[in-house]
J.: 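One structure is given below, represented as structure tokens, and several questions about it will come after.
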Number of protein chains: 2
Amino acid sequence: MSLRYAILGYLSTGPGTGYDLSRQFDSGLGWFWSARHSQIYPELKRLADAGLVDRHDAVAGEVFDKYVYSITEKGRAELQQWAAAPPTYPPNRDSERLRLIFSDDDPLALRPHLEAHLKHFRERRERLQQTWSSMQAGDHDRVRARIEAGSRERAEITLKLRELAYTGDIARAELEITWALAALEWLDSLGR
Amino acid sequence: MSLRYAILGYLSTGPGTGYDLSRQFDSGLGWFWSARHSQIYPELKRLADAGLVDRHDAVAGEVFDKYVYSITEKGRAELQQWAAAPPTYPPNRDSERLRLIFSDDDPLALRPHLEAHLKHFRERRERLQQTWSSMQAGDHDRVRARIEAGSRERAEITLKLRELAYTGDIARAELEITWALAALEWLDSLGR
DNA sequence: TTGTCCATGTAAACAGTTACATGATTGA
DNA sequence: TCAATCATGTAACTGTTTACATGGACAA
């Protein structure tokens, strides 16, 4: 049920279309949540039906162009209530670990798999660092809007929360890199 | 599609029932994958239909007691093939992070949320450490069976793979603890 | 006799992915 | 005119959770 809050959170900084959300899930927001357009459009309709967002037609010239959604007061209240609610932790589902512990029949087959792990998290770290840097530089419209919407103290808080999120995810990626390097080193010692 | 491999992996050390699997997903295996019995029983039936496991009735006295499943050669082959396949990384879905970045309207509400994070990962770390210690001591039948089934070198590999999995997850938990502590410290400085 | 554990299932609902489907606009 | 991007939807399927359902064994 987090999808609706990801959407409300996005719209809390300003109006947007389903398509905007879709692109956002492929970039910035996508670090924390993601969804396909096939899930987004119906969910936006449900949010509108529930009165958490308003929908109005945008026209290009004379004809209908797209739907623009904006959050309502009710939606804002619901978002804040959810944000304050106690966290729920999903059950562990890590197919990587599964592969690892069931590879003892053929451990050397783990090599490409560990190398992929390394590559994946190195790329992830780079992209996270880039996103975070450009955000600090003020390149992200939505976050800038969020920052400029409030007081100076509030701006600091907004930025600090992003910092916690991004540096936290960067640290996670670094942990995976260190882990994979250690595992590869052990594999090397096995081969010798 | 990892459920079937979690099941095959479990059965690769010896026969078991659906109920055994269900308990296992609540303990040892549960660190890496989990499922409810409502998902396990139908999946076992599908595995049997596909010839990856054999099913035979176990009788208590004269009457049917339970179904015992054991992996077939075909099942073993399928498991190994899957274990060697390149990893796939699921899209990020972290409702914690979502709550964090959308809490700038009321950052002090984050406190219980960060404390829950801390508690959750401290408990997780303890339980992981305990499980790993008792496994090293040879308390886990399945893992011992797995170790005793092969050569001495193979035994070392089995243990080392578990070590990589458990210490990796312990390190992840520790990262979350460190992160939450830093976040709480910042929150404290905000309150002052 | 009451509660806990063992044991196995099905049904309904929810969440998410993949595939199908359409059409306008814009720039090379 | 061709490809990419903008824009919105539905349908079928897969995976997971929650709830419903049953019954034997055993110990307090």
J.: What is the distance from CZ of B:Arg46 to P of D:dT16, rounded to the nearest Å?
T.: 11 Å

J.: Considering just the side-chain nitrogens and oxygens of A:Tyr41, establish if one lies under 4.0 Å of OP1 or OP2 belonging to D:dG9.
T.: no

J.: Between the side chains of B:Asp20 and B:Lys66, is the shortest nitrogen-to-carboxylate-oxygen separation below 4.0 Å, so that they form an ion pair?
T.: no

J.: Please report the distance, rounded to the nearest Å, between OH in B:Tyr67 and C1' in C:dC6.
T.: 15 Å

J.: Starting at CZ of B:Phe64 and ending at P of C:dT8, how long is that distance when rounded to a whole Å?
T.: 6 Å

J.: Need one value for B:Arg23: base, sugar-phosphate or nothing, where a base atom within 4.0 Å counts as base even if backbone is also close, heavy atoms only.
T.: sugar-phosphate

J.: Tell me which nucleotide among C:dG9, D:dA7, C:dA7 gets nearest to the side chain of B:Lys45.
T.: C:dG9

J.: If you look at every strand shown and take non-hydrogen atoms under 4.0 Å, does B:Arg93 touch a base, only sugar-phosphate, or nothing?
T.: sugar-phosphate

J.: Does A:Arg55 or B:Trp33 map to a spot on DNA chain D nearer the 5' end, using the closest nucleotide for each?
T.: A:Arg55

J.: Starting at the 5' end of DNA chain C and moving along, which residue's nearest nucleotide shows up first, B:Asp65 or B:Pro42?
T.: B:Asp65

J.: Against B:Ser12, only a single residue in B:Arg146, B:Arg76, B:Gln80 fulfils side chain to side chain donor-acceptor pair (under 3.5 Å); can you say which?
T.: B:Arg146

J.: Check the distance between D:dA7's C1' and A:Asp20's CG and give it to me in whole angstrom.
T.: 10 Å

J.: Would you sort out whether B:Ser70 and B:Arg55 count as a side chain to side chain donor-acceptor pair (under 3.5 Å), showing the intermediate values?
T.: CA-CA 7 Å; B:Ser70 39; B:Arg55 161 164 128 161; over 6 Å; no

J.: Rounded to the nearest Å, what distance is computed from the NE2 atom of residue B:His37 to the P atom of nucleotide D:dT18?
T.: 12 Å

J.: Choose from D:dA7, C:dC5, D:dG9 the nucleotide whose nearest atom is closest to any side-chain atom of B:Tyr19.
T.: C:dC5

J.: Nearest whole Å is fine: how far is C:dT8 P from B:Ile40 CD1?
T.: 10 Å

J.: Please determine, by modelled atom types, if A:Asp104 and B:Thr158 share a side-chain donor-acceptor pair under 3.5 angstrom.
T.: yes

J.: Below 4.0 angstrom, N of the basic side chain to O of the carboxylate: do B:Glu115 and B:Lys119 qualify?
T.: no

J.: Rounded to the Å, how far apart are A:Tyr69 OH and D:dG9 C1'?
T.: 10 Å

J.: When all nucleic acid strands are considered with a 4.0 Å heavy-atom cut-off, which category describes A:Ser22: base, sugar-phosphate, or nothing?
T.: nothing

J.: Which of the following nucleotides, D:dT10, C:dT8, D:dT8, is nearest to the side chain of A:Ser38?
T.: D:dT10

J.: Rounded to the Å, how far apart are B:Leu21 CG and C:dC6 C1'?
T.: 15 Å

J.: Identify which nucleotide among D:dA7, D:dT10, D:dT18 has an atom closest to any side-chain atom of B:Arg36, counting heavy atoms from C-beta outward.
T.: D:dT18

